[in-house]
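Written out below as structure tokens is the structure these notes cover.
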Amino acid sequence: MKARPLTVTLGAVWLVAFAAGLYGLTQRLLSGHEQANYGSYVPWGLWVAQYIYFVGLSAGAFLLSSLIFVFGLKRLEPIGKLALFTATITLCCALLVIWLDLGHPFRFWKVYVNAQPTSMMAWMVWLYTAYFLLVVTETWFALRADLVTWSRRPGLPGLIGRLLTFGSRDGSEGARERDHRVLRVLGTLGVPLAVAFHGGVGALFGVLGARPYWNTSLMPIMFLVGALASGGALLTFVVAYFWPDQKAPAYRDMVALLGKLTLGLLAFDLILEWSELSINLYASIPAHAEAFRSVLFGPFWWVFWIGHLALGAAVPIALLALFPNRPKVVGLAGLLIAATFIGVRLNIVVPGLIRPELVGLERAYTDLRLTFDYVPSQMEFLVGLFVVSFGVGLFFLGRWLLPLAASEPAVLPPGPNGHEAPLYQPIAKEPTYAAR
Amino acid sequence: MDGEDRGAKPPGAPSTQARRVGRPLVGSPDEPSTPSSRRRSVDRRRFMAGLTTLAAGAMAQAVAAPAVGAAPADAPVGAPAPRLADLPPARDGEAALMRMQRELQKALQKPIEQRRWGMVIDLRKCVGCSACTIACKAENRLPPGVVYRPVLEEEIGEYPNVTRRFMPRPCMQCENPPCVPVCPVGATYKRPDGIVEINYEQCIGCRYCMTACPYQARVFDSGDFYTLDSPAPQPYEMLKTYEYGRSYDRTKHESPVGNVRKCHFCLGRLDNGMLPECVTSCIGVATYFGDLNDETSLVAEMSASPNVHRLKEELGTKPRVFYLM
């Protein structure tokens, strides 16, 4: 395989990020929370923001995949598997980072054994567990028929294929159709589940009467719309840059459609944000308005103005509006939106916590940990980096080992050496599991 | 000084309860006023021991400590709390601490579900010395980043017409605590006597309750020590801590490290018949404590005064800490 300089560079960057991340992870595992900057007065920080960011990406990618499997959006048919796989990986990242955030990570099982139904967090854990099982099952059914073909490959991919088929050998059209029916059922169950799950994460914040910045009934809605916008954007990027057959007309068509969907969702998200901002700033009740002021004019104003508004909204909107038919540009817009959305998530978590709930608390007791100025520590950044590079690594591993792109042919044409097969078939000619 | 000898640290509730069962407190609430109980002459030594315990917080405990000698880590150490019968009879104009001590003993004789612990803090008497904060830090051996009762300071006016207001902020032990229903694992709950308790073994450290508390009374134990990594680690920091009727060893990086922590009205002291540390250490007697269900008690009386104020009542939390303005 020819390695282009860009690929090598990005690979090296990934390796460095992963190694640095491993160092941070080791620090976290060895010294617990001693080197973290979240704590007594700002109890949640970067990791919780990353958690809601990743579950948002997951729920967004999943709900878009349901457009295909449930609502039969034929034009996006080929990306179904990629969408589900993206949803699985981002969910893994989310669960990893929130697990590391726990004060007692090895007690997480208590949420299953002693769940308290009055707690939104308990509901969230139950819902994401159900969602996780469903996404994994659905991904498997989406991949199954192709895995059967895939397992005839040589080397590791073939071995993975043989392992993951769990003995399933039926790659026929009939079996594909049965898989598709299962996918429809799972997808139909998954839509309300993903909505409940991610809306529930929003509600987890929204129900807290003690935190006026979070205590808005718009919160679950904003979480869902933000999830769709960021998840859609990520999927747009992934398809635009990692689709195997970029010469096919279907590729252009898919990326353009994803770009349009993302644009619409982002616009809706911005309307909701404007609604929250304008109403609270106009009303000027300090407990509500001050958090919004700190978002706009606080020490981290640039997260909102440059990160979110400029790079995450203005530039991608311009790109999407001006070049809707240039897949790489649309993909770049998707990357910008998806990457900068962490800023939106940070601006949900942190401003809700940096204002003392009682006047004078910030000066009451002098202690490094009893402060309201939160900036993530080096260890927090490194663990955050680890989770991101872990997800990226999983993605490329999956791309190598799993049949994620368009369907594999039902019957392998014999290659020159007996089992060589073309890696991908042109989409247009493919028999797909949706052929009904 | 040897840590385990420091004395008067309230041990676990189980042992306390056992002691109370084994040696029931003499006298019903009415008894002290009857002539027969008056006649039972108060043993002078016991009386003095009672006074010593009363005579405020850590210093008194340090005085009493040498008499105890080496005791097993989890055994009750320090001067025993005075029994109701040992206390002098009530009289007009007696010190508030005396009265609260008697009322505490009286309340302890009732079943737990009939008690309703409450606190009154007279802001007009608070001078902002933070003795309660530090006494609490010492009593509960709190690490960096963990403080149960900070004293909030607010400056009012402009120079030269400036005044400052001080407001100690313990846990409000709300009647309707927002921190309780949000816990995913039920690790925090209201006791029958109204104290909101945390089960350190059950808590997973998600910190959701901290975001739910409108008073920021909950803090996170990140596992830090003041002196552990310094050239001279101090023995006092390596001592076991006693909370919720159990002993904990933070040096093992086990609970309460990684847990959410908060004020519990010095549960261990209460179970041993002692007033909370912040009450006994207050230099101006600005903090009062007692059973709100006993309508004759000092706190019940004070909490019914017209100048009483509770923090963020609009949230419907119904705090059991009352501020006198």
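Every chain is numbered from 1 and lettered A, B, ... according to where its sequence line falls, protein lines coming before strand lines.
Chain A forms more heavy-atom pairs under 4.5 Å with one residue of B/Val185, B/Val147, B/Thr211 than with any other, namely B/Thr211. Between chain B and the residues A/Gln116, A/Glu357, A/Met121, the most heavy-atom pairs under 4.5 angstrom are made by A/Glu357. For the options A/Gly360, A/Gly39, A/Ser40, A/Ala210, heavy-atom pairs under 4.5 Å to chain B are most numerous at A/Ser40. Contact count against chain A (heavy-atom pairs under 4.5 Å) is highest for B/Cys203 among B/Ser130, B/Cys203, B/Gly128. For the set A/Glu362, A/Glu34, A/Met124, the entry with the most heavy-atom pairs within less than 4.5 Å of chain B is A/Glu34.
The part of B/Thr133 that comes within reach of chain A is its side chain, from C-beta onward, which places non-hydrogen atoms under 4.5 angstrom from that chain. At a 4.5 Å heavy-atom cutoff, A/Trp123 makes no contact with chain B through either its backbone or its side chain. Interface residue A/Leu204: backbone and side-chain heavy atoms are both found under 4.5 Å from chain B. Both the backbone and the side chain of B/Ser255 come within contact range of chain A, judged by heavy atoms closer than 4.5 Å. Only the side chain of A/Asp367 has a heavy atom closer than 4.5 Å to any heavy atom of chain B. For B/Lys262, no part lies near chain A; criterion is any non-hydrogen pair under 4.5 Å. Interface residue B/Val151: only backbone heavy atoms are found under 4.5 Å from chain A. For B/Tyr226, the part sitting under 4.5 Å from any heavy atom of chain A is the side chain, from C-beta outward, and nothing else. Proximity to chain B (any heavy atom under 4.5 Å) is shown, for A/Phe106, by neither the backbone nor the side chain. For A/Val42, no part lies near chain B; criterion is any non-hydrogen pair under 4.5 Å. For B/Val260, no part lies under 4.5 angstrom from a heavy atom of chain A. Residue contact with chain B, scored on non-hydrogen atoms closer than 4.5 Å, is absent for A/Leu368. The parts of B/Pro144 that come within reach of chain A are both its backbone and its side chain, each placing non-hydrogen atoms under 4.5 angstrom from that chain. Contacts between B/Ile204 and chain A at a heavy-atom distance below 4.5 Å involve backbone atoms as well as side-chain atoms.
A cation-pi geometry, defined here as NZ or CZ lying under 6.0 Å from the six-membered ring centre and within 45° of its normal, holds between B/Arg207 and B/Phe220.
The existence of a salt bridge linking B/Asp221 and B/Arg261 is confirmed by a sub-4.0 Å separation between a basic side-chain nitrogen and an acidic carboxylate oxygen. Remark: A/Arg293 does not engage A/Glu290 in a salt bridge, criterion side-chain N to carboxylate O under 4.0 Å. Taking the charged nitrogens against the carboxylate oxygens, B/Glu139 and B/Arg269 do have a contact shorter than 4.0 Å, which makes a salt bridge.
With hydrogens and angles ignored, the 3.5 Å screen pairs no side-chain donor or acceptor of A/Ser58 with any backbone N or O of A/Val55. Within the 3.5 Å criterion, the main-chain N or O of A/Gln35 finds no donor-acceptor partner in the side chain of A/Arg28.
Note on ring orientation: taking the six-membered ring where Trp is involved, the planes of A/Tyr213 and A/Phe292 are perpendicular (angle over 60°, cut-offs 30° and 60°). The aromatic rings of A/Trp214 and A/Trp44 lie parallel to each other, their planes meeting at an angle below 30°, with 60° marking the opposite boundary.
Within 6.0 Å of CD in B/Glu158 there are 12 or fewer heavy atoms belonging to other residues, nucleotides or ligands.
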When the side chains of residues 159-172 of chain B are checked against the rest of the protein, which donor-acceptor pairs come out under 3.5 Å, sequence neighbours left out?
unit_1   : atom_1 : unit_2   : atom_2 : d
B/Arg164 : NH2    : B/Glu153 : OE1    : 2.3
B/Arg165 : NH2    : B/Glu154 : OE1    : 2.8
B/Arg169 : NH1    : B/Tyr215 : O      : 3.2
B/Arg169 : NH1    : B/Gln216 : O      : 2.8
B/Arg169 : NH2    : B/Tyr148 : O      : 3.4

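With sequence neighbours excluded, the residues that form a ring pair (Phe, Tyr, Trp, His ring centres under 6.0 Å) with A/Tyr38 are A/His33, A/Trp47.
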